[in-house]
Amino acid sequence: VNVSSQVIAAMETQLSNGPTCNNTSNGPSTITNNCSSPVESGSVEDSKTNLIVNYLPQNMTQEELKSLFGSIGEIESCKLVRDKITGQSLGYGFVNYVDPKDAEKAINTLNGLRLQTKTIKVSYARPSSASIRDANLYVSGLPKTMTQKELEQLFSQYGRIITSRILVDQVTGVSRGVGFIRFDRRVEAEEAIKGLNCQKPPGATEPITVKFANNPSQKTSQALLSQLYQSPNRRYPGPLAQQAQRFRLDNLLNMAYGVKSRFSPMAIDGVTSLAGINIPGHAGTGWCIFVYNLAPDADESILWQMFGPFGAVTNVKVIRDFNTNKCKGFGFVTMTNYDEAAVAIASLNGYRLGDRVLQVSFKTNKTHKA
DNA sequence: TAAAATT
């Protein structure tokens, strides 16, 4: 954990060297879910093993989720929640451990971990119930000077707030005067609408609007479909238009599913692997990266933390001595996309981890070398 | 005036 925090701190420095600090952070409030309520405390539903994971990258699969959290301890079950129609990730999921201690360790280790443009949130799942659904409010007309803390103070009189957020201009960082409040229970949200909609917050000159937030899941699939359907070249496809259309389709698929196809460097493999040419690092299911000079106590989570921010990571492995179970000084990381793997290697090769300088490269197939 | 929080 000590080494892990060093990596996270270093990655923060590495990744925040542009003006994208505001758009890359999710900015959710860090209010802790305390899932024990007087009524449900001690019941089987009040689980100390079941976690909800929020703000997952769009292209993260259930297998990647399981692999990431499986690096902490044995998982009883794992589910990435997807759109029922399109199958797209809704950006959150559940991980249920066998051992409550592993669930606690996962919160301590993985909450706040940066993966690509997201900062994931790991917390105990509340017992599933209709009373906690549709408890999210959309608030507009807020004074631009109002802080997240002040927003929470205004709404907290109506119930327990799970998350709060004020949207800000991506360039200036100034409040856009709109935000979200998620209550623990729907009845609390209903009372907040009654009490605060069309009311002026203390010191404000204009009344605010408070209503139930829309469900964001429908819009994405519709936007993708209409974007495809309304493409100008769609009605009269000649060869060029078809190619352009294909390019847009690839981009859409890439945005929606993280899929790369023939316009990406992955396509090189489709030709060269047929010709029997070995490509360094490519193992068929992704790009395998060799990481050398890891400490004896290195574990899988450190590899996730180092490589996850660069893109889709499907697997990590620390090679250990059979008898001592200590890391033998190296490990492997598999990344889906060539370009993300290349950036990760360029960024992490020569990286100083504690008192060690890492060597990072595509894995070479030594058995085929002379 | 809109970001993926209950399987």
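Naming: A, B, ... by sequence-line order, numbering from 1 per chain.
- Taking only side-chain atoms of F94(A), from C-beta outward, the nucleotide of dT1(B), dA3(B), dT7(B) with the closest atom is dT7(B).
- One can place CG of L90(A) at 15 Å from P of dA3(B), the figure rounded to the nearest angstrom.
- Note on L167(A): only backbone sugar-phosphate atoms sit closer than 4.0 angstrom, heavy atoms only; bases stay farther off.
- Counting only heavy atoms from C-beta on, N54(A) has its side chain closest to dA5(B) among dA2(B), dA5(B), dT6(B).
- At whole-Å resolution of the value, CD1 in I166(A) and P in dA2(B) are 15 Å apart.
- At least one side-chain nitrogen or oxygen of K118(A) sits closer than 4.0 Å to the OP1 or OP2 atom of dA4(B).
- Taking the centre and axis of the six-membered ring of F212(A), the NZ or CZ atom of R186(A) falls inside the cone set by 45° and 6.0 Å.
- With hydrogens and angles left out, the side chain of R133(A) and the base of dT6(B) share no donor-acceptor pair within 3.5 Å.
- As a whole-Å value, the separation of Q170(A) CD from dA3(B) P is 9 Å.
- Contact annotation for Y92(A): backbone-only contact, meaning every heavy-atom pair under 4.0 Å involves sugar-phosphate atoms and none involves a base.
- The residue among A213(A) and V95(A) whose nearest nucleotide of DNA chain B lies closer to the 5′ end is A213(A).
- Nearest to the side-chain atoms of Q58(A) among the listed nucleotides dT6(B), dA4(B), dT1(B) stands dA4(B).
- In this structure, N215(A) places its CG atom 16 Å from P of dA2(B), rounding to the nearest Å.
- Side-chain atoms of E152(A) and S164(A) form a donor-acceptor pair, as typed in the model, at a separation below 3.5 Å.
- In the interface, the side chain of N214(A) is not paired with the base of dA3(B) through any donor and acceptor atom under 3.5 Å apart.
- Out of dT7(B), dA3(B), dT1(B), the shortest distance to the side chain of K211(A) is found at dT1(B).
- A straight line from CZ of F212(A) to P of dA4(B) spans 20 Å, rounded to a whole angstrom.
- Between S128(A) and dT7(B) there is a side-chain polar atom (N or O) within less than 4.0 angstrom of OP1 or OP2.
- Residues F310(A) and Y351(A) share a single hydrophobic cluster, defined by chaining ILVMFWY side chains whose heavy atoms lie under 4.5 Å apart.
- Between F180(A) and dA2(B), no base-stacking contact is recorded for ring centres under 5.5 Å apart and planes less than 30° from parallel.
- Residue R182(A) has a polar side-chain atom (N or O) positioned under 4.0 Å from OP1 or OP2 of dT6(B).
- Heavy atoms of other residues, nucleotides or ligands lying less than 6.0 angstrom from CD of E74(A) number 12 at most.
- Phosphate contact (OP1/OP2 of dA2(B), side-chain N/O of R176(A), threshold under 4.0 Å): present.
- The separation between F69(A) atom CZ and dT7(B) atom P is 18 Å, rounded to whole Å.
- Rounded to whole Å, the distance from CG on L80(A) to P on dA4(B) is 15 Å.
- Judged by distance alone, the side chain of N293(A) and the main-chain N or O of V357(A) form a donor-acceptor pair under 3.5 Å.
- Rounded to a whole Å, the CG atom of D134(A) is 16 Å from the C1' atom of dA3(B).
- Among the protein residues, K84(A) comes within range of no part of the nucleic acid, since none of its heavy atoms lies under 4.0 Å from any strand.
- Between E190(A) and R185(A) there is no salt bridge, since no side-chain nitrogen of the basic residue lies less than 4.0 Å from a carboxylate oxygen of the acidic one.
- Using a 4.0 Å cut-off, some side-chain N or O of R165(A) falls inside it from OP1 or OP2 of dA4(B).
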